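Notes follow the structure.
Everything numeric in this text was worked out from a predicted model, so none of it was measured.
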Amino acid sequence: MNKYVVALVASLAAGSAFAGDVYVAGNLGTQVEGSREASLGLALGTDLTKNLRVEGAYEHRLDSKSNNLYAHVMPQATIPSTGITPYALVGLGVDLESLDGKPLYVLGAGVRTELTKTIDLDLRYRRIDTVDNNDRRESVTAGLALKF
């Protein structure tokens with residue numbers, strides 16, 4: 001599974017280089033419940049259409065020192081004349097720490113708002129779980145996206 005997710009993230013990154021509205025984003029987050037573990041993340045994405053975005057993302061959880069890769073598909077709809085874009089988030093990922101590349105799935109929602117023509121503020125909620133439902137966590141993140 002690990003090699004498939006890495007290939008998917010790499011293909012998203014390569015495809016993004018040829019599409020319009022490419023962005024690089026960084027974020028800080030925390031788990032909603034339990035240990036409140038902090039995380040740092042990076043993402044590379046693109047708007048395929050005005051209503052569909054894809055991104056490849058990397059997350060490092062600070063306390064457990066775990067690393068994850070994700071591929072997200074994000075249907076979105078911009079609210080006219082506001083610069084605010086709510087979106088849903090569905091994705092697959094892999095835990096890079098386990099030898100078997102534990103597969104993950106992600107469900108979530110968020111909102112982006114345009115701060116300037118090249119910078120967006122991104123707030124999101126994600127529920128991340130293993131496919132065997134043994135490692136569920138919920139997180140919230142806030143970040144900035146630099147658009148090209």
Side-chain angles (χ1 to χ4, degrees), residues 1-97 101-130 136-148:
M1 177 68 174
N2 189 4
K3 61 185 172 189
Y4 299 113
V5 173
V6 170
L8 180 58
V9 170
S11 67
L12 285 173
S16 296
F18 301 106
D21 298 327
V22 174
Y23 64 89
V24 174
N27 64 61
L28 298 170
T30 186
Q31 284 185 212
V32 174
E33 55 189 44
S35 70
R36 303 263 186 220
E37 182 176 16
S39 65
L40 297 171
L42 290 172
L44 174 65
T46 187
D47 290 329
L48 294 177
T49 69
K50 73 176 197 165
N51 294 321
L52 185 64
R53 183 166 25 125
V54 294
E55 74 178 20
Y58 165 80
E59 175 189 53
H60 175 73
R61 293 182 1 207
L62 298 176
D63 294 339
S64 63
K65 299 194 181 343
S66 66
N67 299 290
N68 299 322
L69 282 178
Y70 301 100
H72 298 138
V73 176
M74 303 151 85
Q76 61 187 5
T78 301
I79 299 170
S81 303
T82 65
I84 297 173
T85 305
Y87 59 87
L89 182 144
V90 178
L92 295 174
V94 65
D95 177 354
L96 298 175
E97 302 309 308
K102 192 177 355 175
L104 306 168
Y105 68 89
V106 184
L107 300 172
V111 64
R112 286 180 81 155
T113 186
E114 189 175 82
L115 299 177
T116 70
K117 291 287 184 198
T118 58
I119 298 175
D120 284 353
L121 173 65
D122 186 293
L123 304 171
R124 75 175 60 166
Y125 162 85
R126 293 180 306 150
R127 177 185 163 172
I128 304 161
D129 203 348
T130 57
R136 184 180 128 196
R137 66 184 183 276
E138 297 176 50
S139 70
V140 292
T141 60
L144 295 175
L146 178 62
K147 301 180 285 187
F148 299 97

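Note that CZ of R136 is 14.0 Å distant from CG of L104, once rounded to the nearest 0.5 Å. Atom NE2 of H60 is separated from atom OG of S66 by 7.5 Å, given to the nearest 0.5 angstrom. Interatomic distance, D122 CG to T141 OG1, rounded to the nearest 0.5 Å: 6.0 Å. Taken to the nearest 0.5 Å, the OG1 atom of T116 stands 6.5 Å off from the NZ atom of K147. One distance of note links CG of L92 with CG of L69; it measures 12.0 Å at 0.5 Å rounding. In this structure, the separation between OG1 on T30 and CZ on R137 is 11.5 Å, given to the nearest 0.5 Å.
Identified under the salt bridge (Lys or Arg N to Asp or Glu O under 4.0 Å) test for residues 64-76, with sequence neighbours left out: none. For the salt bridge (Lys or Arg N to Asp or Glu O under 4.0 Å) condition, the pairs that include at least one residue of residues 22-42, sequence neighbours left out, are E37-R61.
Here the shortest heavy-atom pairing between Y87 and L123 reads OH-O, 3.8 Å. Minimum interatomic distance between F148 and Y23 (heavy atoms only, all atoms of both residues): CD1-CA, 4.4 Å. Listed here is the closest heavy atom pair of D47 and Q76: OD1-NE2, 3.1 Å.
Considering only residues two or more places apart in sequence or on other chains, N51 meets the side-chain contact (heavy atoms from CB on, under 4.5 Å) condition with T49. Remark: V106 engages Y70, H72, L89, R126, I128 in a side-chain contact (heavy atoms from CB on, under 4.5 Å) (not counting sequence neighbours). Remark: D63 engages no residue in a side chain to side chain donor-acceptor pair (under 3.5 Å) (not counting sequence neighbours).
A salt bridge is absent between E55 and R112; no separation between the charged side-chain nitrogens and carboxylate oxygens falls under 4.0 Å.
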*Output, in order, the C-alpha distance, side-chain angles, deciding distance and verdict of side chain to side chain contact (heavy atoms under 4.5 Å, CB included) for L121 and L144.*
CA-CA 5 Å; L121 173 65; L144 295 175; 4.1 Å; yes

Return a table of donor-acceptor pairs under 3.5 angstrom between the side chains of residues 78-86 and protein atoms on other chains or two or more places apart.
from, atom 1, to, atom 2, distance (Å)
T78, OG1, T85, OG1, 2.9
T82, OG1, I79, O, 2.7
T82, OG1, I84, N, 3.1

